[in-house]
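Note sheet for the following structure.
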Amino acid sequence: MIEFPLDDDQKDCLQEVCNVAMGVAGESLAAFTHAFVELSIPKIRSTIPSELASSLGCVNDGGRVYAAVQPFTFKQVECFALTVFTQASIDDLMTVTGREELEIPLEDAKRDLLLKACNAISSSCLPNLSHALEIPISFSEPYSCGECVTLSELVLNDIASWGQLLSVEINYHLEDHPFNCDLLLLFPDVSFNGLTQALNELMAF
Amino acid sequence: MTIPLLICDDSNMARKQVTKSLPDGWDVDITYAANGVEGIDAIRTGKGEMVFLDLTMPEMDGYQVLELVKQEALKCVVIVISGDVQPAARERVLQLGALDFIRKPINKEKLFGVLEMYGLL
């Protein structure tokens, strides 16, 4: 049994901070897709790397996915933002962004779209998470970790060595579209002290 | 006269932030609700003539609360305080009868500005 690293108040605080950050990412996704983004309540879980893929609720329909990873540094600890799109989401994005008509190989177009969509979501979420937590967060470019693969085939070598991890799962759905993706903010166990300290400071303010 | 004020948000921290942002000395009787079901019940029983409403909540979200307020012609002034900052979300809540939309995180200045603009102080 994994011990949950946050108490109820810290969990509530992290959920609210992520709620604000995910809202800004939702605005960015809405601008990218010209659609209305349906937001859900962030789900905070404690898990281990080998069980991460199976814990993904919203995109776990047994189908294939596209995913990208964006590393970020939080209090000198490397964490990851993982964005997972169902295959139908990428196909939907191909249509709404007019990329179907471009004369480039389909898989190249989909990879480009995966990284652009990931940028629209995680690259706008992270600065706002930093602002809300009042902690500097630096991040690098996203890279693909799986295209048209099953969830268990995602290449997540960077987190495989982690022990316990905390995952914040944020689902984005587009109204009247098949689009469905999950943004996961993944914090390794070595970041828990820094994270709880930041949350405590925020609550004391 | 004391105003029955409802603060409806699923986050305890967000409810505290709204409470801390209230103008000093404002004569209100505060009721808290942690989801839309609790919120609409409070409005129906007169505990929310003024309502600060979140949108993304379990059980019943803020849009559904606004729809019920409209359907049942409940007398209350609703100001949405949400992290859902898409322009379309703002348009939707205003169409559903909300007086205004305040972007989270809330603070004293933002809330005072809106309350003063509508002559609610």
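Every heavy atom of this structure was used, including side-chain atoms; hydrogens, water molecules and symmetry mates were not. Here is the naming used below: chain letters follow the sequence lines, and residue numbers restart at 1 for every chain. Quick caveat: nothing in here was measured; it's all calculated off a predicted structure.
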In terms of heavy-atom contacts, does [atom1] of [X] have more than 12 from other residues, nucleotides or ligands at under 6.0 Å?
X: A/H177; atom1: NE2; answer: yes
X: A/Q76; atom1: CD; answer: no
X: A/N193; atom1: CG; answer: no
X: B/K47; atom1: NZ; answer: no

Quiz item: Between B/K16 and chain A, which part of the residue has a heavy atom less than 4.5 Å away: side chain, backbone, both or neither?
Solution: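 Neither part, no heavy atoms under 4.5 Å.
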
Practice problem: Select one option (side chain, backbone, both, neither) describing which atoms of B/D9 are under 4.5 Å from chain A's heavy atoms. | Solution: side chain

Quiz prompt | Interface moiety of A/D8 toward chain B, non-hydrogen atoms closer than 4.5 Å | solution = neither

Quiz item: Given a strict heavy-atom distance threshold of 4.5 Å, which part of A/E175 is in contact with chain B: side chain, backbone, both, or neither?
Solution: side chain

Quiz item: Stepwise, does the side chain to side chain contact (heavy atoms under 4.5 Å, CB included) test hold for A/E16 with B/K104?
Solution: CA-CA 10 Å; A/E16 181 59 13; B/K104 278 185 178 178; 2.8 Å; yes

Taking every non-hydrogen atom, the tightest pair across [X] and [Y]:
X: A/V20; Y: B/P105; value: CG1-CD, 4.0 Å
X: A/A35; Y: B/Q86; value: O-OE1, 4.0 Å
X: A/F36; Y: B/A88; value: CD1-CB, 3.5 Å

Exercise. Rounded to the nearest 0.5 Å, what's the gap from CG on A/D12 to CG on B/D10? Could you check?
Key: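 Those atoms lie 8.0 Å apart.
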
Exercise. Show the numbers, then the answer: is there a side chain to side chain contact (heavy atoms under 4.5 Å, CB included) between B/R103 and A/V24?
Key: CA-CA 10 Å; B/R103 184 183 182 129; A/V24 181; 4.0 Å; yes

Quiz item: In terms of heavy-atom pairs under 4.5 Å with chain B, which of A/L202, A/N19, A/V37 leads?
Solution: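 Maximum pair count with chain B is reached by A/V37.
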
